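Let me begin by presenting the structure, written as structure tokens, before commenting on it.
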Amino acid sequence: MLDVRVVRERPDWVRERLASRHGGDERFIDDLLELDRRRRALIAESEGLQAERKRASKEIGALMGQKRFEEAETRKQAVRELGDRIESMQRELKEVEARFEELMSRLPNLPHESVPVGADADGNVVVREWGERRQFDFEPRPHTELCERLGLVDFARGAKLAGSGFLLYTGWGARLERALIQFLLDLHVREHGYTEVSPPFVVGRHCMFGVGQFPKFEDQAYAVQEGLDAETLGRLYLIPTAEAPVANIHREEILAEADLPIRYVAYSPCFRAEAGAAGVGTRGMIRVHQFDKVELIKVVHPDHGYEELESMVADAERVLQRLGLPYRTVLLCTGDMGFAAAKTYDIEVWAPGQGQFLEVSSCSNCEDFQARRMALRFKSAVDGKNRFPHVLNGSGTALARLYVALLENCQQADGRIVIPEPLRPYLGAEVIGP
RNA sequence: GGAGGGGUGGCAGAGUGGUCGAAUGCGGCGGUCUUGAAAACCGUUAGGGCGCAAGCCCUCGGGGGUUCGAAUCCCUCCCCCUCCGCCA
């Protein structure tokens, strides 16, 4: 959620910033400002009347105390009419406020000044590349083929169970997935100082709203229903990312400044309906309805939001460095960023079997956009005022695509997979294959 | 799922229709005293909104209602606790 005051004070600037994203949203600014004016006028007026009623009611109480009942009755009649006016005014205020909130909640965050302006992914900027792409003396196979040959993932039976886009890992395939999760969690906990949490894999809609998933992207979520009770449909949602529960941990709290920074790491499966994306890269494990992810979340002082973003990206990159997987880090342009983000870096790992880079991490500073939506504040040690912290999220990293890259990069001519050194203790093997 | 009890400020805990945004205690912060600390004493300490400001309004789990007036009465939803049933 944007700060209304900023919209009020610098509407042209806000319009320009919004237009630099995907565009279109800037046209709501005039409506928004009009609703804001109307809203404040109604508040001022109805509060004046409320003050009057409050005073009069106290007087009535005093008259009753003095047993001057007739005078009290006369006053009551007048105050009753006042009450009616207040009520109708507040009904109108409520409507105006609902429309105002609706508009506010659908406006995306404003891009940070350091974000390149661009319409789509073509405007993104590669900020660094790491690692040498391996030279193969044979044709590197795609992960799908490797998985099938080695019996790591049973795509057909996964689809049989839950439909296409759901994976059944088997044998060493399942063990490798588990080893990766463990490796990632340990890396971030032991070496990067994050606190491990294990959240619910479903959240209420208030949490989805808090991180900016709702209301705009409700069509992308899996809604849960309890048994046969249709009333309960939509009370809970399968999480699309651990960001949904973890970023909301301290919602509606006022933290002490000394509590900051807070750094959490969490493993969770992620569920994405991917409505409208049917047929787009649906083969294999690159785009699926359920995948595992280790997520990083930070809640930090606004003065340090951007240094914390840089260190978060470094933490995520370390994953690929340790595994020896070549990658590049991309600064997203205004047109390619997510709804809540003010600045985002994507990390893309090289997948030789695909002949392309795969996005395995997306690290964003959402500034106070989410904190506003979830009423997350901290008390400033300087002036005692309550302020909104910056909330950051980053994948550290997504598993399915990391898995793809690992298999494709580490494959041998005979089809075996040589496991990267740091992962061996977790897997309990150096090589997968016959 | 059934029966009962309960949600008040950072915490504990009063308040059952009026001057109550809320006693008191603890904790926190500031001060006095002290070489320093403790103790004692004094003061201070919820959130949100509107307003240039003075100030005003709202909030006692959420929403709705009764009333001139609601923390207090009614309805409803949510959450927590105890017991029973079922169950990983």
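Lettering follows sequence order; numbering is per chain, from 1. Bear in mind the structure is a predicted one, so any value in this text is a computation, not a measurement. Note: hydrogens, waters and symmetry copies are ignored here, and every other heavy atom, side chains too, is used.
Taking all atoms of both residues into account, the shortest heavy-atom contact from Arg373(A) to Phe214(A) is NH1-O, 3.1 Å.
Cation-pi geometry between Arg39(A) and Phe100(A) is met: the NZ or CZ atom falls under 6.0 Å from the ring centre, inside 45° of the normal.
By the 4.0 Å N-to-carboxylate-O rule, Arg38(A) lies close enough to Glu92(A) to be salt-bridged with it. A salt bridge is defined here as a Lys NZ or Arg NE, NH1 or NH2 lying under 4.0 Å from an Asp or Glu carboxylate O, and Glu87(A) with Arg91(A) meets this definition.
Ile254(A) comes within 4.0 angstrom of sugar-phosphate atoms only, judged by non-hydrogen atoms across all strands, and of no base.
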Taking only nitrogen or oxygen atoms into account, show me every contact under 3.5 Å that the protein makes with nucleotides 50-57 of chain B, one pair per line with its distance.
| from | atom 1 | to | atom 2 | distance (Å) |
| --- | --- | --- | --- | --- |
| C50(B) | OP1 | Arg39(A) | NH2 | 3.1 |
| G51(B) | OP1 | Arg40(A) | NH1 | 2.5 |
| C57(B) | O3' | Gln50(A) | OE1 | 3.3 |
| C57(B) | O2 | Glu47(A) | OE2 | 3.4 |

Please enumerate all protein N or O atoms sitting under 3.5 Å from an N or O of nucleotides 66-70 of chain B, with distances to 0.1 Å.
| from | atom 1 | to | atom 2 | distance (Å) |
| --- | --- | --- | --- | --- |
| C68(B) | OP1 | Arg80(A) | NE | 3.3 |
| C68(B) | OP1 | Arg80(A) | NH2 | 2.4 |
| C68(B) | OP2 | Arg80(A) | NE | 3.2 |
| C68(B) | O2' | Ser57(A) | OG | 3.1 |
| G69(B) | O4' | Ser57(A) | OG | 3.1 |

Taking only N/O atoms, report every protein-nucleotides 73-78 of chain B pair under 3.5 Å with atom names and distance.
none

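For Arg272(A), the salt bridge (Lys or Arg N to Asp or Glu O under 4.0 Å) test picks out no residue, with sequence neighbours left out.
No side-chain donor-acceptor contact under 3.5 Å links Lys298(A) to the backbone of Tyr264(A).
When the P atom is used for both G18(B) and A71(B), the distance is 11 Å, rounded to whole Å.
Summarising the local packing, CD of Glu113(A) is surrounded by more than 12 heavy atoms from other residues, nucleotides or ligands at distances under 6.0 Å. Surrounding CD of Glu70(A) are at most 12 heavy atoms belonging to other residues, nucleotides or ligands under 6.0 Å away.
Among Glu421(A), Glu191(A), Glu317(A), the single residue meeting the salt bridge (charged side-chain N to carboxylate O under 4.0 Å, His left out) criterion with Arg322(A) is Glu191(A).
Of the residues in residues 375-391 of chain A, those with a non-hydrogen atom less than 4.0 angstrom from any atom of RNA chain B are Arg377(A), Lys379(A), Asn386(A).
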Wobble G-U and Watson-Crick pairs count when both distances are under 3.5 Å; given that, what is the 5' to 3' dot-bracket string of RNA chain B, with | for pairing to other strands?
((((((((.[[[..)..(.....]]]((((((.......))))))(((((....))))).[[[[[..)....]]]]])))))))....
